[in-house]
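Heads up: the structure comes next, in structure tokens.
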Amino acid sequence: MNESFTSLCGIRYPIVQAGMAGGPATPELAAAVSNAGGLGTLGAGYMAPNDVKAAIKSIKEMTAKPFAVNLFLPEEFTFDRDQIEKMEATLEGFKERLGMEKSSRFTGWTSHFQDQLDVVMEEKVPVISFTFNAPTKEIIDRLKQEGVVTIATATTVEEAVRLEAVGIDAISAQGSEAGGHRGTFLGSEEQALIGSMTLIPLIADAVSIPVLAAGGIMDGRGMAAALALGASAVQLGTAFLTAEESGAHHLHKEAVLESKETDMRLTKAFSGKMARGITNIFMEEMTAVDNLPPYPIQNALTSGLRKAAASRGEKGYMSLWAGQGAPLAKRRPAKQVVESLIEDYNRIADGLVKL
């Protein structure tokens, strides 16, 4: 195994639990993964600063091992009132099906990123991971002064090179198989759909810092392949999504456990940003709707709908994020996910022979 990433973060195994925002990546899940020897991650992207602080304190009560917090970097977007009103009218039809009251007019969206970052630094979190953009050199310099290890997502070689230039310590190479949102920030999302088997060696050859392989990795076989391709560690989301400590809705977990390889699809319907999830009614019907508001506006517009669907047990209108490897998911404690990865990896490594 490549020891550079494990040494950098002070962890035993080169295994990172992805920061699945919106509920799945709970303090309990992060602590369990860290206690098992990997790097657990709190998915704080959508959390209020005070909630981030409370969650970090909770993690510290459950583990003394290193852990990470994942944050969403702000992006530029256009606020088009006509576009928003058309989408509000479209969504009213879906909300009526769920018996929801008519929504109030959308007035705007504010990023909590800076306040979240301040909290994470005040709490002296050892590792911070970023996605959706490249952090400024000023942010990275500030974090380096505090001894914080930084990770950021790249979906292309160009993005990886940009991240290394600002001083990021490690890059999460997100292949197109990955579940949830894409981390693309340069060029179009459609052009950045590069499979892990191609993306990992390309980025590993282009940068001199550790590369985490993310996308489609569910077991020791995927881990062995990723490390052979040049990755220093693997990052898994869907494999931990169905863990006992995951905060994913029970219908979300069931959908993942019952999925087959043809069920996953990329969509912008829920958030305005490309994401991979299990196909449902909302995704199907929204394919006929064009000119969606961009992220984070569309994400805010559908937030109430998704919450209502979850509370009513209507998975047809929930965002069931999952990676291409979802059919390999199992229901078990996070500790067993980590142990199984290492056991399978070691068995494969021991069985390799020279040709």
Side-chain angles (χ1 to χ4, degrees), residues 20-24 43 45-46 72 75 77-100 102-103 105-106 108-109 131-132 155 174 176-185 188-193 215 237-238 241 248-249 251-256 258-324 326:
M20 300 169 284
Y46 299 125
F72 295 166
E75 306 169 73
F77 61 91
T78 302
F79 191 96
D80 185 324
R81 172 49 65 185
D82 289 339
Q83 183 186 53
I84 291 171
E85 289 181 352
K86 289 178 181 178
M87 180 52 58
E88 287 177 320
T90 297
L91 294 176
E92 284 304 323
F94 292 104
K95 292 177 179 179
E96 287 178 6
R97 299 180 194 178
L98 296 175
M100 297 174 64
K102 187 174 179 61
S103 304
R105 189 183 189 211
F106 180 76
W109 181 87
T131 193
F132 297 168
T155 59
Q174 186 188 39
S176 60
E177 302 92 333
H181 288 99
R182 308 291 301 146
T184 304
F185 61 90
S188 73
E189 293 181 291
E190 288 76 12
Q191 290 178 317
L193 295 174
T238 307
L241 186 64
H249 193 285
L251 290 178
H252 190 172
K253 290 185 179 183
E254 289 174 10
V256 171
E258 296 169 0
S259 68
K260 56 183 183 296
E261 74 279 7
T262 54
D263 290 340
M264 275 58 71
R265 181 182 300 178
L266 289 164
T267 182
K268 292 185 179 181
F270 286 104
S271 68
K273 180 185 287 292
M274 190 172 287
R276 184 178 295 282
I278 297 172
T279 305
N280 60 9
I281 296 169
F282 186 77
M283 287 170 61
E284 291 279 6
E285 294 191 14
M286 285 293 286
T287 57
V289 180
D290 57 10
N291 195 28
L292 271 66
Y295 179 91
I297 295 176
Q298 179 69 0
N299 192 66
L301 290 172
T302 66
S303 177
L305 173 72
R306 288 178 280 125
K307 290 177 181 176
S311 66
R312 291 164 171 74
E314 295 282 354
K315 66 179 181 181
Y317 305 92
M318 295 167 57
S319 49
L320 305 172
W321 302 140
Q324 201 65 64

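Bear in mind that the values here come from a model prediction, so they are computed numbers and not experimental data.
Judged by distance alone, with hydrogens and angles left aside, the side-chain atoms of Ser303 form no donor-acceptor pair with the main-chain N or O of Ala300 at under 3.5 Å. Checking side-chain atoms of Glu261 against main-chain N and O of Gln324 turns up no donor-acceptor pair under 3.5 Å. Using modelled atom types, no side-chain atom of Arg182 and backbone atom of Leu266 make a donor-acceptor pair closer than 3.5 Å. No donor-acceptor distance shorter than 3.5 angstrom exists from the side chain of Asn291 to the backbone of Gln83, with no hydrogens or angles considered. In this structure a side-chain-to-backbone donor-acceptor pair under 3.5 Å is present from Thr302 to Phe270. Side chain of Gln298 to main chain of Leu292: no donor-acceptor pair is present (N/O by atom type, distance under 3.5 Å, no hydrogens or angles).
Residues Ala21 and Phe72 share a closest heavy-atom pair of CB-CZ, 3.5 Å. Between Leu251 and Glu314 the shortest heavy-atom distance is CD1-N, 4.3 Å. Shortest non-hydrogen contact noted between Lys95 and Ser103 is NZ-OG, 2.5 Å. Shown here for Val256 and Ala322, the closest heavy-atom pair between the two residues is CG2-CB, 4.0 Å. Annotation for Gly183 and Gln174: closest pair N-OE1, 2.7 Å, computed over non-hydrogen atoms. Among all heavy-atom pairs drawn from Ala255 and Leu320, the shortest one is CB-CD1, 4.1 Å.
Distance check, rounded to the nearest 0.5 Å: CG of Asp290 to NZ of Lys268 gives 12.5 Å. Leu305 CG to Met318 CE: the interatomic distance, rounded to the nearest 0.5 Å, is 11.0 Å. Note: His252 NE2 to Ser319 OG = 7.0 Å, rounded to the nearest 0.5 Å.
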(request) Apply side chain to side chain contact (heavy atoms under 4.5 Å, CB included) to the pair Thr279 and Met264, showing each step before the final yes or no. (result) CA-CA 6 Å; Thr279 305; Met264 275 58 71; over 6 Å; no
(request) Apply side chain to side chain contact (heavy atoms under 4.5 Å, CB included) to Val289 and Met87, showing your working. (result) CA-CA 9 Å; Val289 180; Met87 180 52 58; 3.9 Å; yes
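Side chains of Thr267 and Met274 form no contact here, defined as non-hydrogen atoms less than 4.5 Å apart. For the pair Trp109/Asn299, no side-chain contact is recorded, criterion being any heavy-atom separation below 4.5 Å from C-beta on. Put simply, the side chain of Glu88 reaches to within 4.5 Å of the side chain of Ile84, judged on heavy atoms. The closest side-chain heavy-atom distance from Thr90 to Met286 is below 4.5 Å. Proximity of Glu85 to Arg105: side-chain heavy atoms (C-beta onward) are separated by under 4.5 Å at one or more points.
Qualifying ring-ring contact (aromatic ring centres under 6.0 Å, His included) partners for Phe77, counting only residues two or more places apart in sequence or in other chains: none. Looking at residues two or more places apart in sequence or on another chain, you find no ring-ring contact (aromatic ring centres under 6.0 Å, His included) involving Tyr317.
With respect to Lys273 and Glu75, a salt bridge is recorded, a charged nitrogen being found less than 4.0 Å from a carboxylate O. A salt bridge is absent between Glu254 and Lys315; no separation between the charged side-chain nitrogens and carboxylate oxygens falls under 4.0 Å. A salt bridge does not link Arg276 with Glu177: every distance from a Lys NZ or Arg NE/NH1/NH2 to an Asp or Glu carboxylate oxygen is 4.0 Å or more.
Applying the salt bridge (charged side-chain N to carboxylate O under 4.0 Å, His left out) rule to pairs touching residues 296-313 yields nothing, sequence neighbours excluded.
Remark: aromatic rings of His181 and Trp321 are close, center separation under 6.0 Å.
Ring geometry for Phe79 versus Phe106: interplanar angle under 30°, hence parallel rather than tilted (30 to 60°).
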